[in-house]
Amino acid sequence: MIEAKEMASRLIAAEEARTAISPFSDDQTGIDLDTAYAAQWAFVQSKLDAGEQLIGAKLGLTSRAKQEAMNVAEPLYGWITSSMIIDYGAPVDRSSLIHPRAEPEIAFLLGRDVTAPATVTSVLAATEAVFAAVDVLDSRYRDFRFTLPDVVADNASGGRIALGAQARRPEELVDLRLQGCVLRAGGEVVATAAGAAVSGHPAAAVAWLANRLGTQGQSLRAGMLVLSGGLTAPVPLEPGTAITAELDGLGSVEVYCR
Ligand code: OOG
Ligand code: MG
């Protein structure tokens, strides 16, 4: 059975070479989630060792649209490090990624720790601000084909993240379940959703993560940014086609690459 460290080093090599690899599950059966999360942490730790900072966490596969698009029916989480954050308005360097895809998300900036047992209420009470975000995915696996343990090891396909410029307290917004989202590619509407697409309520996804981390003696910390998961299926991010996510009360975020 492949070890977590070996999985992490193959993923790091794939990322550095910008060359996708086959998912581990192609020739290893029964990689368990603990091993996959250990590989994920080794992947993230290598970035921290190189001087990056831990910024927060990202949920994945929290909406039916995402679960159906990726053919994996369970949520997962990964970590956000500093090099993933796109400077406001800056282009994404296409050559730094393998095959980027973009998806709209609701991001939470925590003003207080969220400890288990967490609920929608406790997450909202701990939230300093909510932002619109675009998650730029870049699976290290060929064609984004993976099983749950594969994508866990690959830090939830984490690539880059663009954040909107409008910070709003949750109570200043419409009920987050009803918050409308419009995704455009090159100006054309390609998908629409409401906040409830993510776990019934985006804060419920954050609570799930806090509770999941709680089982490992960890928690979400004040100051962390948490992405609650794609509201719609992702779309390819290619030069010449800007992707824009517009969220009710949060304005829009655009990503484009060169
Ligand atoms: C897995 C990453 C999941 C989300 O929001 O669903 C994710 C993938 O779709 O490649 O970031
Ligand atoms: Mg995402």
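All ligand and atom numbering here is 1-based and tracks the order in the structure. Only a predicted model underlies this, so the values are computations on that prediction, with no experimental measurement involved.
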Run the side chain to side chain contact (heavy atoms under 4.5 Å, CB included) check on Thr127 and Arg169 step by step: do they pass?
-> CA-CA 7 Å; Thr127 300; Arg169 293 193 168 276; over 6 Å; no
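- Short contacts between ligand 1 and Gly229, defined as distances under 4.0 Å to a heavy atom of the residue, involve ligand atoms 5 (O).
- With a 4.0 Å heavy-atom cut-off, ligand 1 is reached by no atom of Leu227.
- Ring geometry for His99 against Phe144 counts as tilted: the plane angle lies between 30° and 60°, on a 0 to 90° scale.
- Separation of the Phe131 and Phe108 ring centroids does not fall under the 6.0 Å cut-off.
- Remark: ligand 1 atoms within the under-4.0 Å shell around heavy atoms of Asp135 are 11 (O).
- Counting the atoms of ligand 1 from 1 in the order shown, those under 4.0 Å from a heavy atom of Gly230 are 4 (C), 5 (O), 6 (O).
- If you number the atoms of ligand 1 from 1 as listed, the ones under 4.0 Å from a heavy atom of Phe144 come out as 10 (O).
- At least one heavy atom of Leu59 sits under 4.0 Å from some atom of ligand 1.
- Residues passing the side chain to side chain donor-acceptor pair (under 3.5 Å) test with Thr81, sequence neighbours excluded: Glu52.
- Within the 4.0 Å heavy-atom shell around ligand 1 one does not find Arg101.
- Applying the 4.0 Å criterion to heavy atoms of Lys58 picks out, from ligand 1, the atoms 11 (O).
- The main-chain N or O of Phe24 is found under 3.5 Å from a side-chain atom of Asp150 such that the two form a donor-acceptor pair.
- For ligand 1, none of its N or O atoms has an N or O atom of Phe146 under 3.5 Å away.
- At a 3.5 angstrom cut-off on N or O pairs, Glu105 counts as close to ligand 1.
- Nearest to atom 9 (O) of ligand 1 among the protein's heavy atoms is Lys66 NZ, 2.6 Å.
- Remark: the backbone N or O of Leu110 is not paired with any side-chain donor or acceptor of Glu128 at under 3.5 angstrom.
- Atoms of ligand 1 lying under 4.0 Å from at least one heavy atom of Val151, given by number and element, are 1 (C).
- Put simply, the angle at the Mg ion (ligand 2) from OE2 in Glu103 to OE2 in Glu105 is close to 100°, to the nearest 10°.
- No more than 12 heavy atoms of other residues, nucleotides or ligands shown are found within 6.0 angstrom of CD on Glu3.
- For the Mg ion (ligand 2), the nearest N, O or S atom contributed by Asp135 is named OD2.
- In this structure, of Arg145, Glu103, Met70, the residue bringing a heavy atom nearest to atom 4 (C) of ligand 1 is Glu103.
- Looking only at protein heavy atoms, the nearest one to atom 6 (O) of ligand 1 is Leu61 N, 2.8 Å.
- One option in Ser157, Gly60, Ala156 has a heavy atom closer to atom 10 (O) of ligand 1 than any other, and that option is Ser157.
- Using a 4.0 Å cut-off between a side-chain N of Lys or Arg and a carboxylate O of Asp or Glu, Lys47 and Glu15 qualify as a salt bridge.
- In this structure, Arg184 does not pair ionically with Glu254, as no charged nitrogen and carboxylate oxygen lie closer than 4.0 Å.
- The line from CD of Glu188 to OG1 of Thr244 is 12.0 Å long, rounded to the nearest 0.5 Å.
- A distance of 12.0 Å separates CG of Asp32 from OH of Tyr37, quoted to the nearest 0.5 Å.
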